[in-house]
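In this chain, residues are counted from 1 in sequence order.
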Amino acid sequence: MMGNRVYNFNAGPSAMPLPVLEEIQQEFLDFNHTGMSIVEISHRSDAYQKMQDETIALLHKLLNIPDEYGITFMQGGGSMQFLMHGANFLKHRGGYINTGVWSKKAKEGAAFYGDVYDVATSEGEGFRRIPGPEEFDLLPDTDYVYLTSNNTIHGTQWQAFPHIDLPLICDMSSDFLSRPVDVKNFDFIYAGIQKNVGPAGAVIGIAKHSYLETARQDLPIMLQYKTFFDHDSTYNTPPVFCIYFVNKVLHWLDERGGLKETERINKEKAAFVYDAIDASDGFYRPHAAKDSRSLMNITFNLVTPELEKEFVSRAAEEKLIGLKGHRSIGGCRASTYNAVTKEACERLADFMHRFRKVH
């Protein structure tokens, strides 16, 4: 660990790979021998275009994205996508697999453009699990099915994605590039980058070209997905620094063995914390059902809110930061994104064992 850096378990913005941060620091004043910082160069320059092209090529490689899909970078975050996906693709009725706060917000955002409904939901069980395909109830004239791959607040994650004979839209913001994904199973994927791949301020969009052609065009030009895809992300000034940062993270992922190796490491890391929970005889109470547990966000409660507050406070004294649960459900949460190290998870598990013994 470098200097006074902490073990960062924040849910987002979140931990970034230390080698990436150091590399960006080293070349911040002179990007690729241009004599300018990355935040100073023109997005119309050859130096920028080469970097963006390389970033897109790395995404194709890591996710094995077929040629019939395009990639774009958009400003803003997931909340803007809650509106935009509906604006572009909702014509009759949108179906939502409601697994938590973010899919509910997406449904509410799209409702401005048409009818929306729950294909399935686990809301009645406190969003403790991911619904199974046998629970899906699709209505006629459904334009698409929308799901959230990982739920940061409730700590649940799709272990296997459904195959549905309708366009499938997925918000992958909080587990993007944490594991291999069959992109061909989806028609449109978007991911806010501030969990696993960069600083807040940008979204990566991956769309099947044929599905993009079905999007509505009776919209303001900045609400049309085609604007961003057709103009290679540069219709307006793109989020240059964010894309540059993503480029560095993609190189880091590629050099450490790609997404299969990343998933293996993430499973190993999460196991330290889940094992501490499961071995606690109920002292730590997991929120998510075992078959829906997230590798990215580990959520749990202690016996009382007062004990949870003490847990978070004592952990911070040992440089274990960001363990307070989301304000909507309370409790505790450890976000173990790609850049969170194995050492950090071991330290947290050790602290959990010691805190339990004291109490």
Side-chain angles (χ1 to χ4, degrees), residues 9-12 14-15 63 78 96-106 119-123 125-133 135-136 145-164 168-183 185-186 189-197 204 206 253 259-278 284-301 322 325-326 328-329 331-340 345 348:
F9 294 97
N10 278 312
S14 50
L63 279 167
Y96 292 75
I97 303 176
N98 181 8
T99 54
V101 169
W102 307 121
S103 48
K104 286 186 71 174
K105 284 182 177 290
V119 172
T121 183
S122 55
E123 185 169 13
E125 301 165 63
F127 295 122
R128 295 189 63 248
R129 64 179 183 87
I130 300 293
E135 301 172 68
F136 297 176
V145 173
Y146 177 108
L147 61 84
T148 305
S149 61
N150 180 76
N151 300 284
T152 56
I153 293 175
H154 298 93
T156 61
Q157 184 179 32
W158 286 84
Q159 308 303 308
F161 291 109
H163 294 273
I164 299 172
L168 189 59
I169 298 174
C170 185
D171 170 7
M172 288 191 184
S173 295
S174 56
D175 63 353
F176 189 59
L177 299 178
S178 69
R179 56 178 175 170
V181 168
D182 185 1
V183 172
N185 193 38
F186 302 92
I189 294 168
Y190 73 84
I193 67 171
Q194 72 274 15
K195 311 293 187 181
N196 265 328
V197 282
I204 296 171
I206 304 171
L253 288 169
L259 299 191
K260 284 186 178 180
E261 177 63 9
T262 296
E263 181 180 40
R264 185 195 68 77
I265 294 169
N266 285 335
K267 286 180 177 179
E268 185 179 5
K269 285 157 37 182
F272 286 115
V273 186
Y274 280 123
D275 287 350
I277 292 172
D278 293 338
Y284 300 111
R285 303 173 180 183
H287 178 80
K290 271 196 173 183
D291 63 358
S292 298
R293 283 178 170 178
S294 170
L295 295 180
M296 299 286 96
N297 309 99
I298 302 170
T299 52
F300 56 96
N301 287 86
H326 191 272
S328 64
I329 66 169
C332 300
R333 171 176 57 179
S335 295
T336 53
Y337 297 122
N338 287 349
V340 175
C345 295
L348 175 56

Review point. Using 30° and 60° as the class limits, which term best fits the ring planes of Trp102 and His326: parallel, tilted or perpendicular?
Key: perpendicular
Check your understanding: To the nearest 0.5 Å, how far apart are CG in Asn301 and SG in Cys332?
Key -> 7.0 Å
Check your understanding: Is it true that Asp171 and Lys105 make a salt bridge, defined as a side-chain N closer than 4.0 Å to a carboxylate O?
Key -> no
Practice item. Dump the intermediate steps for side-chain contact (heavy atoms from CB on, under 4.5 Å) on Thr262 and Leu177, then the final yes or no. Key: CA-CA 8 Å; Thr262 296; Leu177 299 178; over 6 Å; no
Check your understanding: When you look at Tyr190 and Met172, which way does the side-chain contact (heavy atoms from CB on, under 4.5 Å) test go after all the steps?
Key -> CA-CA 6 Å; Tyr190 73 84; Met172 288 191 184; over 6 Å; no
Check your understanding: Does a donor on one side chain and an acceptor on the other come within less than 3.5 Å for His163 and Asn185?
Key -> yes
Study note, to complete from the structure: Heavy atoms of Ala270 and Leu295 approach each other most closely as CB-CD2, 3.9 Å
Exercise for review: Give me the ring orientation class for Phe300 and Tyr284: parallel if the planes are under 30° apart, tilted from 30 to 60°, perpendicular past 60°.
Suggested key: perpendicular
Check your understanding: Are the side chains of Leu147 and Pro162 in touch, meaning some heavy atoms are under 4.5 Å apart?
Key -> yes
Check your understanding: Atom OG in Ser149, atom CD1 in Ile130: separation rounded to 0.5 Å?
Key -> 9.0 Å
Exercise for review: Grab the two heavy atoms, one from Pro131 and one from Ala120, that are nearest each other, plus how far apart they are.
Suggested key: CB-CB, 3.9 Å
Check your understanding: side-chain contact (heavy atoms from CB on, under 4.5 Å) between Glu261 and Ile265: does it pass, once the steps are laid out?
Key -> CA-CA 6 Å; Glu261 177 63 9; Ile265 294 169; 3.7 Å; yes
Revision key, fill the gap. One should read off an interatomic distance between Arg179 CZ and Met296 CE, to the nearest 0.5 angstrom, of 8.5 Å
**Study point:** Backbone N/O of Asn338 and side chain of Asn196: donor-acceptor pair under 3.5 Å
**Key:** yes
Check your understanding: Mind checking whether Ser14 and Gln194 have side chains closer than 4.5 Å, heavy atoms only?
Key -> no
Exercise for review: Indicate yes or no: at least one non-hydrogen side-chain atom of Thr336 is less than 4.5 angstrom from one of Asn266.
Suggested key: no
Check your understanding: Does Val197 offer a backbone N or O that forms a donor-acceptor pair with the side chain of Tyr337 under 3.5 Å?
Key -> no
Point to revise | Student check: side-chain heavy atoms of Asp291 and Gln159 closer than 4.5 Å | key: no
Check your understanding: Can you name the salt bridge (charged side-chain N to carboxylate O under 4.0 Å, His left out) partners of Arg128, sequence neighbours left out?
Key -> none
Practice item. Give the minimum heavy-atom separation between Lys269 and Val340, together with the two atoms involved. Key: NZ-O, 2.8 Å
Check your understanding: Does a donor on one side chain and an acceptor on the other come within less than 3.5 Å for Thr156 and Asn151?
Key -> yes
Exercise for review: Kindly indicate whether the side chain of Ile206, heavy atoms from C-beta on, has any atom under 4.5 Å from the side chain of Leu63.
Suggested key: yes
Review point. Side-chain donor-acceptor pair under 3.5 Å between Asn150 and Asn297, yes or no?
Key: yes
Review point. Going through the distances and angles, do Arg333 and Ile153 end up as a side-chain contact (heavy atoms from CB on, under 4.5 Å)?
Key: CA-CA 8 Å; Arg333 171 176 57 179; Ile153 293 175; 4.2 Å; yes
Study note, to complete from the structure: Scanning both residues in full, the closest heavy-atom pair of Thr299 with His154 reads OG1-O, 3.1 Å
Review point. Are Val119 and Tyr146 side-chain neighbours, meaning at least one heavy-atom pair lies under 4.5 Å?
Key: no
Point to revise | Distance in Å, Ile204 CD1 paired with Phe176 CZ, rounded so as to fall on 0.5 Å steps | key: 4.5 Å
Review point. Strictly under 6.0 Å, is that where the ring centroids of Phe186 and Phe161 end up?
Key: yes
Check your understanding: Would you say the side chain of Tyr96 lies within less than 4.5 Å of the side chain of Val145, judging by non-hydrogen atoms?
Key -> no
Practice item. Examine distances only and state if a side-chain atom of Ser103 and a backbone atom of Gly100 form a donor-acceptor pair shorter than 3.5 Å. Key: yes
Check your understanding: Residues two or more places apart in sequence or in another chain: which of them pass side-chain hydrogen bond (donor to acceptor under 3.5 Å, both in side chains) with Thr148?
Key -> none
Point to revise | Distance (rounded to the nearest 0.5 Å) between Asp175 CG and Gln157 CD | key: 4.5 Å
Point to revise | Exam field: side chain Lys260 to backbone Pro180, donor-acceptor pair closer than 3.5 Å | key: no
Revision key, fill the gap. Residues Gly192 and Ser173: closest non-hydrogen pair is N-OG, 2.9 Å
Review point. Heavy-atom distance under 4.5 Å between the side chains of Thr121 and Thr99, does that happen here?
Key: no
Study note, to complete from the structure: Interatomic distance, CZ@Arg264 vs NZ@Lys267, rounded to 0.5 Å, equals 10.5 Å
